[in-house]
Undergrad: 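Attaching a single structure in structure tokens format; questions to follow.
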Amino acid sequence: KQEVTQIPAALSVPEGENLVLNCSFTDSAIYNLQWFRQDPGKGLTSLLLIQSSQREQTSGRLNASLDKSSGRSTLYIAASQPGDSATYLCAVPSSSNTGKLIFGQGTTLQVKP
Amino acid sequence: DVKVTQSSRYLVKRTGEKVFLECVQDMDHENMFWYRQDPGLGLRLIYFSYDVKMKEKGDIPEGYSVSREKKERFSLILESASTNQTSMYLCASSSPGSGANVLTFGAGSRLTVL
């Protein structure tokens with residue numbers, strides 16, 4: 001059974017730092033992997049989706065990488081800002097293209113001014 | 001701008017009450033999902049639907065039912081609310097095929113059962 005783990009559970013950094021969030025999954029036969037952002041008390045917003053055939057995806061200051069063989073993905077945030085403070089979750093499909101996602105528990109990021 | 005709207009942001013109910021959580025999407029998506037989110041447990045899939053009148057159980061369907069009478073609306077029903085159903089409930093939708101895993105989420109409904 002697929003399991004998704006995110007470490008650390010919480011992270012606090014000063015503004016301007018580059019940082020890396022980690023996501024690991026137990027079954028490497030994934031269809032794709034997504035990173036989401038969740039602000040306190042709100043729903044989830046999709047940030048990046050990496051297909052299984054891709055190694056990385058970039059959107060602005062965000063870069064997500066995928067290493068299927070090792071069961072790992074990282075989300076790199078460059079030049080962090082207080083507005084980046086949120087919980088970041090990664091998710092993989094339970095099977096192919098179904099929309100049924102298995103989520104990690106998230107990393108709560110605080111960027112201090 | 002695409003939207004998934006959950007009608008109630010905050011609800012407080014008593015044990016044994018029947019609870020309806022409504023979700024409406026305006027994107028003409030076939031797929032709709034209900035997740036619940038709890039500290040330490042993350043998001044877990046309750047029910048999903050790939051078409052009108054169709055529903056399938058997710059990982060934790062016990063104590064819940066759903067209704068999909070119209071394509072745009074997916075309702076989650078707690079027949080007899082219990083305190084262990086206190087949680088944040090998130091509705092999501094997606095299109096079929098290659099876009100199935102690109103979920104658009106609603107803002108969430110935080111339910112407290114006393």
Side-chain angles (χ1 to χ4, degrees), chain A residues 1-10 21-26 29-54 57 59 64 66 73 86-108, chain B residues 1-6 9-10 21 23 25 27 29-51 54-61 74 87-112:
Chain A
K1 182 183 175 185
Q2 178 74 273
E3 292 184 4
V4 180
T5 303
Q6 292 185 247
I7 297 174
L21 307 181
N22 297 296
C23 172
S24 61
F25 43 95
T26 55
I30 60 170
Y31 192 76
N32 55 41
L33 183 144
Q34 282 188 84
W35 283 93
F36 292 86
R37 169 184 171 138
Q38 185 177 30
D39 292 297
K42 301 288 181 63
L44 279 67
T45 301
S46 182
L47 296 173
L48 291 163
L49 184 148
I50 312 174
Q51 299 292 351
S52 61
S53 58
Q54 296 175 318
Q57 278 281 353
S59 176
L66 176 63
S73 176
T87 297
Y88 293 82
L89 299 103
C90 65
V92 298
S94 62
S95 60
S96 67
N97 245 346
T98 62
K100 294 161 58 180
L101 301 183
I102 299 172
F103 287 84
Q105 294 187 18
T107 295
T108 299
Chain B
D1 198 15
V2 295
K3 258 191 169 175
V4 176
T5 303
Q6 296 183 231
R9 290 298 314 278
Y10 301 96
L21 299 180
C23 175
Q25 49 93 6
M27 297 166 282
H29 281 169
E30 279 80 359
N31 305 338
M32 295 190 76
F33 308 86
W34 275 106
Y35 287 86
R36 67 176 279 178
Q37 183 176 28
D38 301 286
L41 297 175
L43 277 85
R44 294 176 292 168
L45 181 63
I46 305 171
Y47 265 97
F48 60 101
S49 169
Y50 290 147
D51 203 351
M54 178 271 179
K55 60 185 179 185
E56 286 193 36
K57 295 179 180 179
D59 298 320
I60 51 164
F74 193 35
S87 186
M88 172 71 116
Y89 291 88
L90 293 163
C91 176
S93 71
S94 68
S95 55
S98 60
N101 294 327
V102 184
L103 271 59
T104 300
F105 279 86
S109 298
R110 183 165 295 280
L111 172 67
T112 300

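Chain letters run A, B, ... following the sequence lines, proteins first, then strands; residues in each count from 1. Keep in mind that this is a model prediction, so the values were computed, not measured.
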Undergrad: Just give me the residue among A:Gly41, A:Gly104, A:Ala9 that pairs up with chain B most often, heavy atom to heavy atom, under 4.5 Å.
TA: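 Max contact count across the listed options: A:Gly41.
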Undergrad: Which one, B:Gly40, B:Gly42, B:Pro39, B:Gly108, leads in non-hydrogen pairs under 4.5 Å with chain A?
TA: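 Sorted descending by pairs with chain A, the first entry is B:Gly40.
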Undergrad: Please report the shortest heavy-atom distance between B:Phe105 and A:Leu44, naming the atom on each side.
TA: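 Of all heavy-atom pairs spanning B:Phe105 and A:Leu44, the closest is CB-O, 3.4 Å.
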Undergrad: Is it the backbone or the side chain of B:Arg44 that comes under 4.5 Å from a heavy atom of chain A, or both, or neither?
TA: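 Contact with chain A is absent: no heavy atom of B:Arg44 under 4.5 Å.
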Undergrad: Provide the closest heavy-atom pair for B:Phe33 versus A:Lys100 in the form atom of the first, atom of the second, distance.
TA: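 That closest heavy-atom pairing would be CE2-N, 4.1 Å.
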Undergrad: If I compare all heavy atoms of B:Leu90 with all of A:Lys42, which pair ends up nearest, and what's the gap?
TA: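 Closest heavy-atom pair between B:Leu90 and A:Lys42: CD2-O, 4.4 Å.
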Undergrad: Which bit of B:Leu103 comes within less than 4.5 Å of chain A, counting heavy atoms only: side chain, backbone, both or neither?
TA: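 Contact with chain A: backbone and side chain both.
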Undergrad: Name the region of A:Ile102, side chain, backbone, both or neither, that has any atom closer than 4.5 Å to a heavy atom of chain B.
TA: neither
Undergrad: Please check if atom CD in A:Glu3 has more than 12 non-hydrogen atoms from other residues, nucleotides or ligands closer than 6.0 Å.
TA: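 Incorrect, the count does not exceed 12.
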Undergrad: Which answer fits A:Gln38, side chain, backbone, both or neither, if we ask what part of it has an atom under 4.5 Å from a heavy atom of chain B?
TA: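 Just the side chain, heavy atoms under 4.5 Å.
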Undergrad: Name the region of B:Gln6, side chain, backbone, both or neither, that has any atom closer than 4.5 Å to a heavy atom of chain A.
TA: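 Contact with chain A involves no heavy atom of B:Gln6 at all.
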Undergrad: Looking at every heavy atom in both A:Leu89 and B:Gln37, which two are closest together, and how far apart are they?
TA: CD2-NE2, 4.4 Å
